Amino acid sequence: MLKLDLQAFAVPFRRTSKTKKRMRRTHLKKEVSAMTKCPKCGANLKPHRACTSCGFYKGEEKLNVKTEEE
C-alpha cells in the first residue's frame, strides 16, 4: 500500500478571529514624525534640518532660499 502524505505544512486548528487579528496588528500603525518650529520664521520642520522657508539652521544662514520679493 501507498502511504500518502497530503498535509505538508501546518494548518491552524481554528480560524483567527477579527479581534485577535486586530490585536496582533496594533503595533503596525504609522507614527507621526517629530516636528519642531523654526526660531526665525516659525515654520514647522523636522529636527536637525535647515528650514526650507528661510534657510536658517542654528542661527546661521545655510541655504539660499529665493523669496517672493526677489
Side-chain angles (χ1 to χ4, degrees):
M1 260 177 102
L2 289 172
K3 185 176 179 183
L4 297 175
D5 188 19
L6 299 175
Q7 194 171 4
F9 51 90
V11 178
F13 186 70
R14 287 196 172 92
R15 180 180 177 193
T16 305
S17 67
K18 292 177 187 175
T19 306
K20 283 292 183 185
K21 179 171 52 176
R22 289 172 184 164
M23 284 170 61
R24 185 177 67 238
R25 293 178 180 172
T26 57
H27 68 282
L28 298 176
K29 58 190 170 201
K30 291 185 178 182
E31 296 178 3
V32 177
S33 61
M35 298 296 279
T36 59
K37 296 258 185 196
C38 176
K40 182 150 178 106
C41 67
N44 287 329
L45 60 130
K46 291 185 178 180
H48 308 290
R49 284 164 179 77
C51 181
T52 55
S53 60
C54 66
F56 275 75
Y57 179 68
K58 290 190 177 181
E60 298 179 13
E61 187 175 5
K62 299 292 183 175
L63 298 173
N64 295 329
V65 180
K66 292 183 181 179
T67 59
E68 294 176 9
E69 300 169 359
E70 294 178 0

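All values derive from a computational prediction rather than experimental measurement. Below, each value reflects all heavy atoms present in this structure, side chains not excepted, and no hydrogens, waters or symmetry copies. This chain uses plain numbering: 1 for the first residue, then up along the sequence.
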Keeping to residues at least two apart or across chains, list the salt bridge (charged side-chain N to carboxylate O under 4.0 Å, His left out) pairs with something in residues 24-48.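 Pairs touching residues 24-48 that pass the test: none.
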All pairs passing salt bridge (charged side-chain N to carboxylate O under 4.0 Å, His left out) where residues 9-19 contributes a residue, at least two apart: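 Every pair satisfying salt bridge (charged side-chain N to carboxylate O under 4.0 Å, His left out) with a residue in residues 9-19: there are none.
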All side-chain hydrogen bond (donor to acceptor under 3.5 Å, both in side chains) counterparts of K62, not counting sequence neighbours: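 Checked K62 against side-chain hydrogen bond (donor to acceptor under 3.5 Å, both in side chains); matches are E60.
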Could you give the distance from OH (Y57) to SG (C51), rounded to the nearest 0.5 Å?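 Going from the OH atom of Y57 to the SG atom of C51 covers 12.5 Å.
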If you measure from CG on L45 to OG1 on T36, what distance do you get to the nearest 0.5 Å?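 The CG atom of L45 sits 4.0 Å away from the OG1 atom of T36.
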Residue pair N44 / M35: nearest heavy atoms and the distance that separates them: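 Of all heavy-atom pairs spanning N44 and M35, the closest is CB-CE, 3.9 Å.
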Would C54 and C38 satisfy side-chain contact (heavy atoms from CB on, under 4.5 Å), going step by step from the backbone distance to the final call? CA-CA 9 Å; C54 66; C38 176; 3.7 Å; yes
Just wondering, more than 12 heavy atoms not from M23 lying within 6.0 Å of its CE?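 No - once you tally the heavy atoms of other residues, nucleotides and ligands closer than 6.0 Å, there are 12 at most.
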